[in-house]
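Notes to accompany the following structure.
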Amino acid sequence: MTSPALRRGGLLLALLAFATLGPARADDPPRPEATAPAGQKGGGRGGNVQNAQQNPPVTAEQHRLPPDSTTRQTLELPGRTLAFAATAGSIRLFDDKGEPQAEIAYTSYQLDGTDRAMRPVTFFFNGGPGASSAWLQLGNAGPWRLPINADEVTPSTSPEVKPNAETWLDFTDLVFIDPVGTGYSRFVATGEDVRRRFYSVDGDVSALALVIRRWLEKHDRLLSPKYVAGESYGGIRGPKVVRQLQMQQGVGVKGLIMVSPLFDFREFTGTSLLQYVATLPSYAATVREAKGPVKRADLADVEAYARGEFLADLVKGEADREAATRLADKVAALTGIDQAVSRRLAGRFDVGEFRRELDRKNGKVTGRYDASVRGFDPYPDSSSFRFGDPSGDALQAPLTSAAVDLLTRKLNWRPDGSYEVLNGAVERAWDFGHGINPAQSVSELRQILATDSKMTVLVGHGLFDLATPYFGSQIVLDQLPAFASAPRVKLVVYPGGHMFYSRDASRQAFRAEVEAIIKQ
């Protein structure tokens with residue numbers, strides 16, 4: 001899940017130390033001679049927890065998450081019944097001195113009666129940075145689902161979850177991970193250095209890869225086929241986490257599943273001309289959706305124009321008045337936005353401008369997560385943008401309540417503190433990288449595909465997503481070498497927004513694609 005303003009490392013020594021924890025198992029605390037108090041968890045290979053020190057700091061232990069809770073669950077679904085073990089718990093991470101740094105919460109579901117060595121397991125994380133995994137768990141793949149269709153949900157919508165007929169549990173076990181600062185995951189160490197480490201591109205990736213390895217050890221699943229699934233900023237995380245697992249943690253991954261990802265901050269933000277190429281098909285899809293159902297095939301003309309004449313005229317710039325006018329008028333025709341406005345902006349609508357101008361005459365703005373959703377502009381006469389996201393803001397209250405209710409009532413795990421479904425403070429503190437090398441995962445995507453010739457990548461997008469437009473991913477994937485072409489790498493696009501899985505037909509279709517990859 002992308003936070004409200006998807007934008008652009010910590011200390012070098014800290015990052016290097018953190019990235020090399022895996023092979024030496026320095027993440028595990030020193031083991032004192034005395035055994036740990038009964039019931040504490042989070043230590044070594046599926047065993048009992050040991051304290052990091054004989055006399056651990058009070059500041060660390062007072063923030064301790066409760067012991068893991070495993071419950072037996074039965075889910076009645078159309079045509080089948082699923083019996084499984086649900087575990088809500090955490091994995092504690094340590095620095096190279098054995099001092100506790102953070103507790104990372106996870107929720108896992110393992111189907112009964114399976115051969116664990118052959119049974120696939122998929123690890124999920126969302127994006128932001130600052131988003132918990134509740135979006136993918138309760139909107140898409142988990143055993144229970146909260147209806148989160150953006151044009152129907154309001155903050156007062158009931159947060160009661162229902163059995164999810166499209167759960168992926170039929171064909172893979174599921175592990176949903178909340179990075180530190182999201183969900184109930186939290187720091188146990190104090191000081192800015194640990195926050196700088198975890199709230200950075202490289203430190204975050206190292207932590208997630210380490211958590212995955214630790215979960216596999218803890219639950220005796222190292223022999224299982226493994227998959228990684230990430231959404232939104234998860235597009236940065238995903239390839240990097242897989243690379244870390246391959247090279248630092250000694251864990252191979254069979255497939256990478258990307259949901260509405262962003263792969264490269266360099267090309268689709270700032271002054272880059274490609275940002276206008278990436279968003280134009282989604283603008284046109286939004287306008288056409290208002291007149292009737294739209295599929296990607298219906299946008300072939302817009303995609304061809306975006307790659308061709310549109311890009312050529314963009315490059316010519318306003319220095320070529322004929323090209324600038326031609327471009328502006330064509331964009332006005334594709335979007336329905338007033339021609340005079342389009343000419344004033346030279347046909348270059350950033351996302352905020354498009355969202356406001358599309359239906360400004362009615363005092364409405366479009367959604368960023370889902371541009372097919374309209375909402376009232378609270379300040380329609382303001383000269384500045386002072387509106388939220390009608391396709392996302394309404395989701396946070398019911399989704400938060402649903403996640404807390406699931407963990408505490410169904411799964412019997414009751415941490416203290418607040419559950420953070422979307423924590424803006426994490427993004428504000430995030431180190432995206434500086435200078436001429438902003439965050440991108442295309443390099444790692446190439447590397448993991450080159451390193452493992454059997455790895456597959458599935459990328460899913462929604463047509464009306466303005467946060468991470470589908471055509472941006474198409475441009476990235478088109479640049480990959482021949483060895484990374486179809487069928488190893490596949491892009492699928494559905495009606496819907498950033499959370500395209502909120503639409504029943506899109507969720508069902510995407511599930512079928514995922515199942516085909518995991519069962520192949």
Side-chain angles (χ1 to χ4, degrees), residues 25 27-29 31 35-52 56 60-75 82-94 100-112 114 116 119 121-125 132-134 136-138 141-144 161 169 172-188 207-222 224 226 402-420:
R25 293 190 57 76
D27 55 289
D28 291 325
R31 295 185 177 273
T35 58
Q40 293 186 342
K41 298 179 185 279
R45 298 176 181 268
N48 295 327
V49 171
Q50 306 293 334
N51 291 328
E61 293 310 310
Q62 69 184 1
H63 295 295
R64 191 89 193 239
L65 289 170
D68 295 4
S69 172
T70 298
T71 57
R72 312 306 304 184
Q73 303 285 340
T74 301
L75 199 66
L82 301 181
F84 56 96
T87 300
S90 64
I91 290 174
R92 177 169 275 205
L93 300 183
F94 299 82
Q101 302 292 289
E103 297 244 314
I104 307 301
Y106 70 87
T107 309
S108 67
Y109 303 100
Q110 300 184 75
L111 194 67
D112 291 349
T114 63
R116 294 296 175 85
R119 171 77 171 168
V121 58
T122 302
F123 296 88
F124 298 79
F125 41 77
S132 79
S133 60
L136 283 174
Q137 179 176 180
L138 297 179
W144 297 278
V161 297
L169 188 57
T172 177
D173 288 340
L174 313 171
V175 184
F176 298 91
I177 302 171
D178 292 334
V180 67
T182 74
Y184 284 121
S185 298
R186 60 192 62 179
F187 290 106
V188 293
L208 286 169
L210 186 55
V211 167
I212 290 172
R213 194 203 83 199
R214 291 282 303 281
W215 187 92
L216 291 165
E217 294 171 345
K218 187 175 183 177
H219 294 272
D220 298 322
R221 299 296 299 272
L222 281 168
S224 300
K226 305 157 196 77
V404 172
D405 182 67
L406 172 67
L407 289 169
T408 59
R409 185 171 60 85
K410 283 186 179 293
L411 306 187
N412 196 32
W413 197 59
R414 294 176 169 82
D416 59 7
S418 297
Y419 182 93
E420 296 284 356

Verdict with reasoning, R92 to E103, per salt bridge (Lys or Arg N to Asp or Glu O under 4.0 Å): CA-CA 4 Å; R92 177 169 275 205; E103 297 244 314; 2.5 Å; yes
Listed partners of T70 passing side-chain hydrogen bond (donor to acceptor under 3.5 Å, both in side chains), at least two apart: T87
Partners meeting side-chain hydrogen bond (donor to acceptor under 3.5 Å, both in side chains) with S108 (sequence neighbours left out): none
Residues which pass ring-ring contact (aromatic ring centres under 6.0 Å, His included) with F124, listed by chain and number, not counting sequence neighbours: W168, F176
With A402 via side-chain contact (heavy atoms from CB on, under 4.5 Å) - residues at least two apart: L138, L146, P159, V161
ring-ring contact (aromatic ring centres under 6.0 Å, His included) partners for F84, two or more places apart: Y109, W144
Those residues that, when tested against Y106, pass side-chain hydrogen bond (donor to acceptor under 3.5 Å, both in side chains) (two or more places apart): D68, H219
Sequence-distant partners of R409, side-chain contact (heavy atoms from CB on, under 4.5 Å), two or more places apart: D405
Residues in side-chain hydrogen bond (donor to acceptor under 3.5 Å, both in side chains) contact with R221, at least two apart in sequence or another chain: Q110, D173, S224
V180 vs F187 side-chain heavy atoms within contact, under 4.5 Å: yes
Heavy-atom closest pair, residues L111 and R116: O-NH2, 4.2 Å
pair V121-W215: side-chain heavy atoms closer than 4.5 Å: yes
Side-chain donor/acceptor of T71 to backbone N/O of L411, under 3.5 Å: no
Minimum heavy-atom distance between W413 and A105, given as atom pair plus value: CH2-CB, 3.9 Å
